[in-house]
Amino acid sequence: NAGVTQTPKFQVLKTGQSMTLQCAQDMNHEYMSWYRQDPGMGLRLIHYSVGAGITDQGEVPNGYNVSRSTTEDFPLRLLSAAPSQTSVYFCASSREGLYEQYFGPGTRLTVT
Amino acid sequence: KQEVTQIPAALSVPEGENLVLNCSFTDSAIYNLQWFRQDPGKGLTSLLLIQSSQREQTSGRLNASLDKSSGRSTLYIAASQPGDSATYLCAVLQTKGAQKLVFGQGTRLTINP
């Protein structure tokens, strides 16, 4: 099992550009989520999904969009990148929301 | 609002010592508490998960305890090794609102050879 995979590992964007961060898991987990990690702020939930076709907002959803068309994939879209979105982004999955959560290796995003 | 605090923020100990990392949370309405390890520039690795009905969990040299009523958890590391150097994060899964983990800021641990 590859576990939770994320691409790309690093990305630099200019303000106003859009992009999609990819996340995939091969453990047949229903629950997937996106967090961002910032110095002094810890990890904060952006969006989550409890199954294919079902998504909901977390703590800091503004500027981000998600969809869940398959169990395996949960992409995160930045609609119009801003410097405030410079961060490290982690995707996580679990069998259901109440079970142990497994994290991907992260995507380090810089917006200039 | 749930708040998770980890003290100390950084800890440096010589190799071979036993040590305890602390985690406290303000709202006892949790499903579980999870301890993670994060190496610099890497993702989070799950170490131990304690359900709200449990008192402790063990994995190898690691032992995590949970006292839900007092809002505290500890991670005990026995016979520390330089390879244990990393940042340790605790997170609680709250029962109210979104199914999200609320993280502490972490304890940066350095084990000196």
Side-chain angles (χ1 to χ4, degrees), chain A residues 2-10 21 23-25 27 29-51 54-61 66 87-110, chain B residues 1-7 9-10 23-27 29-54 57-59 62 64 66 68 86-108:
Chain A
V4 180
T5 58
Q6 292 183 239
T7 56
K9 284 187 168 46
F10 301 94
L21 279 63
C23 173
Q25 50 88 14
M27 298 174 282
H29 285 171
E30 290 295 325
Y31 182 86
M32 297 185 74
S33 56
W34 278 100
Y35 289 83
R36 58 178 289 174
Q37 185 176 35
D38 302 290
M41 303 292 290
L43 283 107
R44 293 176 292 168
L45 181 68
I46 305 172
H47 284 286
Y48 67 100
S49 169
V50 298
I54 307 169
T55 64
D56 207 346
Q57 296 182 349
E59 192 178 348
V60 288
V66 292
S87 187
V88 182
Y89 291 84
F90 290 102
C91 179
S93 75
S94 66
R95 183 153 56 108
E96 291 176 9
L98 306 185
Y99 289 83
E100 186 174 10
Q101 298 208 26
Y102 297 89
F103 281 72
T107 293
R108 188 173 296 273
L109 176 67
T110 302
Chain B
K1 180 185 172 185
Q2 177 76 267
E3 292 183 2
V4 179
T5 303
Q6 292 185 247
I7 294 173
C23 172
S24 62
F25 47 95
T26 55
D27 189 342
I30 63 170
Y31 285 116
N32 57 50
L33 183 145
Q34 199 165 350
W35 281 93
F36 295 91
R37 167 189 173 133
Q38 186 174 29
D39 294 287
K42 304 291 186 186
L44 281 69
T45 300
S46 178
L47 297 173
L48 289 163
L49 173 75
I50 311 178
Q51 301 292 351
S52 61
S53 59
Q54 296 176 317
Q57 281 285 344
T58 297
S59 176
L62 304 180
L66 174 64
K68 199 175 75 162
T87 296
Y88 290 80
L89 296 158
C90 73
V92 297
L93 185 66
Q94 55 188 24
T95 62
K96 301 171 186 172
Q99 286 181 351
K100 69 172 185 178
L101 288 172
V102 180
F103 283 85
Q105 296 283 341
T107 294
R108 189 171 68 251

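Since we're looking at a predicted model, the values are computed, not measured. The chains referred to below are lettered A, B, ... by the order of the sequence lines, with proteins before strands, and numbering in each begins at 1. The figures that follow rest on heavy atoms only: side chains count, while hydrogens, waters and symmetry mates do not.
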Max heavy-atom pair count under 4.5 Å with chain B, selected residue of Pro39(A), Gly42(A), Gly106(A):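 Highest number of heavy-atom pairs under 4.5 Å: Gly42(A).
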
With sequence neighbours excluded, residues passing ring pair (Phe, Tyr, Trp, His ring centres under 6.0 Å) with Phe25(B):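 So Phe25(B) forms no ring pair (Phe, Tyr, Trp, His ring centres under 6.0 Å) with any residue.
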
Ring pair (Phe, Tyr, Trp, His ring centres under 6.0 Å) involving Tyr88(B) - partner list, sequence neighbours excluded: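 Once residues adjacent in sequence are excluded, Tyr88(B) has no partner under the ring pair (Phe, Tyr, Trp, His ring centres under 6.0 Å) criterion.
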
Heavy-atom contact with chain B under 4.5 Å, split by part of [X]:
X        : value
Arg44(A) : neither
Gln6(A)  : neither
Val50(A) : side chain

Spacing of Gln51(B) atom CD and Glu100(A) atom CD [to the nearest 0.5 Å]: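 Going from the CD atom of Gln51(B) to the CD atom of Glu100(A) covers 9.5 Å.
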
Atom pair OH (Tyr99(A)) and OH (Tyr31(B)), whose distance is rounded to the nearest 0.5 Å: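 Spacing of OH (Tyr99(A)) from OH (Tyr31(B)) equals 11.5 Å.
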
Name of the residue among Leu45(A), Asp56(A), Leu43(A) meeting side chain to side chain contact (heavy atoms under 4.5 Å, CB included) with Lys100(B):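 Looking at Leu45(A), Asp56(A), Leu43(A), the match for Lys100(B) under the side chain to side chain contact (heavy atoms under 4.5 Å, CB included) is Leu45(A).
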
Gln34(B) side chain vs Gln101(A) backbone, donor-acceptor pair below 3.5 Å: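 Yes, because the side chain of Gln34(B) sits within donor-acceptor range (under 3.5 Å) of the backbone of Gln101(A).
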
Flag side-chain contact, heavy atom, 4.5 Å: Phe103(A) against Leu101(B):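 Yes, close enough: below the 4.5 Å cut-off.
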
CE/Met41(A): more than 12 non-hydrogen atoms of other groups inside 6.0 Å: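 Not buried by this count: 12 neighbours or fewer within 6.0 Å.
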
